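Here is the structure we will look at, set down as structure tokens.
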Amino acid sequence: MSYQITGSIVNDEGVKYAIVLVNHDVVQNINQNEEAINAYRHVFPGMPIILLGRDWEGKSTYYGQKEIVDYISKIDPQRIPWRRYIIAD
């Protein structure tokens, strides 16, 4: 069985990290956001993982390593080079 995620690997100023688009509820829930980050570690090994959720108005909320979140929260999410990943279990 497989599933798809939308994400991006970013290498910015020598820092390589992953951003994964998730349901807004996941970003808001401390248990779910940590579970999501742990679930994506095998897809993006050795990288900090940032979760991005959008509310019903399209406002973006990030969760993850504070320094990276502070940096990317100033960037328009449309500028992130998104791609689809197919994950096989």
Side-chain angles (χ1 to χ4, degrees):
M1 183 162 186
S2 63
Y3 61 97
Q4 293 183 31
I5 62 171
T6 300
S8 182
I9 295 175
V10 179
N11 195 344
D12 212 2
E13 298 182 17
V15 178
K16 190 174 184 180
Y17 56 91
I19 306 171
V20 179
L21 192 59
V22 297
N23 187 303
H24 183 70
D25 295 339
V26 173
V27 176
Q28 298 296 319
N29 183 299
I30 189 73
N31 294 323
Q32 289 181 4
N33 55 35
E34 287 299 325
E35 285 177 18
I37 285 177
N38 288 332
Y40 298 129
R41 289 201 192 284
H42 76 283
V43 180
F44 305 106
M47 288 181 240
I49 298 170
I50 306 300
L51 304 177
L52 167 59
R54 290 191 181 125
D55 67 12
W56 62 275
E57 294 178 320
K59 182 179 181 280
S60 298
T61 304
Y62 296 88
Y63 178 82
Q65 190 174 321
K66 183 179 176 359
E67 299 82 18
I68 297 172
V69 167
D70 289 347
Y71 176 74
I72 65 172
S73 65
K74 298 172 186 150
I75 297 171
D76 180 354
Q78 300 297 327
R79 293 185 49 210
I80 296 170
W82 298 108
R83 75 174 263 223
R84 248 178 230 177
Y85 293 84
I86 298 173
I87 313 303
D89 281 346

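Source: prediction; values computed, not measured. Note that the numbering runs from 1 along the sequence shown for the chain.
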Assess the residue pair I72 and Y17 against the criterion (side-chain contact (heavy atoms from CB on, under 4.5 Å)); give the C-alpha distance rounded to whole Å, side-chain angles, the decisive distance to 0.1 Å, and a yes or no. CA-CA 11 Å; I72 65 172; Y17 56 91; 3.1 Å; yes

Please determine whether residues I75 and I49 belong to a single hydrophobic cluster, defined as Ile, Leu, Val, Met, Phe, Trp and Tyr linked transitively by side-chain heavy-atom distances below 4.5 Å. no

Can you give me the closest heavy-atom contact between A36 and L51, atom names plus distance? CB-CD1, 3.9 Å

Within one Ile-Leu-Val-Met-Phe-Trp-Tyr cluster: V69 and V26, side-chain cutoff 4.5 Å: no

Hey, do the aromatic rings of F44 and Y85 have their centres closer than 6.0 Å? yes

Tell me the closest heavy-atom pair linking P48 and K16, and the distance in Å. CD-O, 3.3 Å

Measure from the side-chain N and O atoms of S8 to the backbone N and O of P81, and report whether any donor-acceptor pair falls under 3.5 Å. yes

Working for side-chain contact (heavy atoms from CB on, under 4.5 Å), residues Y71 and V10: CA-CA 12 Å; Y71 176 74; V10 179; over 6 Å; no

Do the side chains of I5 and W82 join up, straight or via other hydrophobic residues, at under 4.5 Å, putting them in one cluster? no

To the nearest 0.5 Å, what is the distance between OH on Y62 and CZ on R54? 7.5 Å

Please say yes or no: joined through hydrophobic side-chain contacts below 4.5 Å, possibly via intermediate residues, are V43 and L21 part of one cluster? no

Work out which heavy atom in R41 is nearest to a heavy atom in M47; give both atom names and the distance. NH1-O, 4.5 Å

Give the minimum heavy-atom separation between R84 and Q4, together with the two atoms involved. CD-OE1, 2.9 Å

Carefully, step by step, assess V27 and N33 under the rule side-chain contact (heavy atoms from CB on, under 4.5 Å). CA-CA 5 Å; V27 176; N33 55 35; 5.6 Å; no

Closest non-hydrogen atom pair, I30 against Y63: CD1-OH, 3.8 Å

Spell out, yes or no, whether I68 and L52 are grouped together once hydrophobic residues are joined by side-chain heavy atoms under 4.5 Å, including indirect joins. yes

How close do Q65 and I50 get, heavy atom to heavy atom, and via which atoms? N-CD1, 3.6 Å

How far apart are the C-alpha atoms of T61 and D55, what are their side-chain angles, what is the distance that settles it, and do they pass the side-chain contact (heavy atoms from CB on, under 4.5 Å) test? CA-CA 8 Å; T61 304; D55 67 12; 5.8 Å; no

